[in-house]
Amino acid sequence: MDQPEQQAGDQPRGGDGRWTRTVEVTRRDARAAELRSQSWTYKQIAEELGLADKGEAWRAVDRARKDIVRPAAERLIAAEAAQLDTLYVEALEVLERNHITVNNGRIITMRDPATGEDVPLPDDGPKLAALQVALKLRESYRRLYGLDAASKTEVSGGVRYEIVGVDMDQLR
């Protein structure tokens, strides 16, 4: 299975200008992983597959490993996202309901100034709780998909060193 290493200029590029892996390279990476699973050294793999060196063989095995892990990880992310979506919909349903204040099993009422009738006192507590849950779910969703930008912390100030017990005049 001797194949010459493909030259950088021969590699196809995707729409974003990055190099894309051909079917042949993907197959070669899978073969490299198969050989590695049979305890071949990276040097032996490189020689067998016509790769430039053992580093290139390691990268081929690493790409094959990622190809195997990626679909499982994508399924896990999709399942987690579906659960978050379900919980988010439930939080929105709580948010859309009208809640009344209940104390000791009795509905608390107030007099409506327009009609003069007693009406149930609205309870905003469940809506506020649903808003907090919805916000936390959206944060979880953003973390799951890596949508939050990395935070940057800037530290400023100075440091003053003082040597205790040393006479500065003696050092001069």
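These numbers come from a predicted model, not from an experiment.
More than 12 heavy atoms of other residues, nucleotides or ligands shown are found within 6.0 angstrom of NZ on Lys127. No more than 12 heavy atoms of other residues, nucleotides or ligands shown are found within 6.0 angstrom of CD1 on Ile107.
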* **Audit row: Thr86, Gln83, side chain to side chain contact (heavy atoms under 4.5 Å, CB included) steps and yes/no** => CA-CA 5 Å; Thr86 300; Gln83 288 178 341; 5.7 Å; no
* Go through the steps for Glu93 and Val89 under the test side chain to side chain contact (heavy atoms under 4.5 Å, CB included), then give the verdict. => CA-CA 6 Å; Glu93 289 172 356; Val89 168; 3.8 Å; yes
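The backbone N or O of Trp40 sits less than 3.5 Å from a side-chain atom of Arg36, completing a donor-acceptor pair. Under the 3.5 Å distance criterion, the side-chain polar atoms of Thr109 are left unmatched by any main-chain donor or acceptor of Val119.
Under a hydrophobic-cluster definition in which Ile, Leu, Val, Met, Phe, Trp and Tyr are linked whenever side-chain heavy atoms come within less than 4.5 Å, directly or via other members, Tyr88 and Leu144 are assigned to the same cluster. At a threshold of 4.5 Å between side-chain heavy atoms, the hydrophobic network of Ile, Leu, Val, Met, Phe, Trp and Tyr places Ile108 and Leu128 in two separate groups. Grouping the Ile, Leu, Val, Met, Phe, Trp and Tyr side chains by contacts below 4.5 angstrom, directly or via other members, places Ile77 apart from Val69. Under the 4.5 Å side-chain heavy-atom criterion for grouping Ile, Leu, Val, Met, Phe, Trp and Tyr, Leu87 is connected to Val133 within one hydrophobic cluster. No chain of hydrophobic side-chain contacts below 4.5 Å, direct or via other Ile, Leu, Val, Met, Phe, Trp or Tyr residues, connects Leu137 to Leu135.
The two residues Ala46 and Lys54 make their nearest non-hydrogen contact at CB-N, 4.1 Å. The nearest pair of heavy atoms linking Gly125 to Asp123 is N-OD1, 3.0 Å. Summarising the geometry of Arg97 relative to His99, their closest heavy-atom pair is O-CD2, 3.3 Å, with the distance given to 0.1 Å. The two residues Leu121 and Met110 have their closest heavy-atom pair at CD1-SD, 3.5 Å. Across Leu95 and Ala130, no two heavy atoms sit closer than the pair N-CB, 4.0 Å. What you find for Pro120 and Ile100 is that their closest heavy atoms are CB-CG2, 3.5 Å.
Taking CZ of Arg70 as the start and CD of Glu74 as the end, the distance is 7.0 Å to the nearest 0.5 Å. Separating the CD1 atom in Ile45 from the CH2 atom in Trp58 is a distance of 12.5 Å, to the nearest 0.5 Å. Taking CG of Leu49 as the start and CZ of Arg28 as the end, the distance is 7.0 Å to the nearest 0.5 Å. Of the inter-residue distances, the one linking Glu47 atom CD with Leu35 atom CG reads 12.0 Å to the nearest 0.5 angstrom. Atom OG1 of Thr22 is separated from atom CD of Glu24 by 4.5 Å, given to the nearest 0.5 angstrom. A distance of 8.5 Å separates CD of Glu139 from NZ of Lys136, quoted to the nearest 0.5 Å.
Checked for salt-bridge contact, Glu56 and Arg59 meet the test: a charged N lies under 4.0 Å from a carboxylate O. Glu34 and Arg31 are joined by a salt bridge, as a carboxylate oxygen and a charged side-chain nitrogen come within less than 4.0 angstrom of each other.
The side-chain hydrogen bond (donor to acceptor under 3.5 Å, both in side chains) with Asp29 is formed by just one residue from the set Arg65, Lys66, Arg63; it is Arg63.
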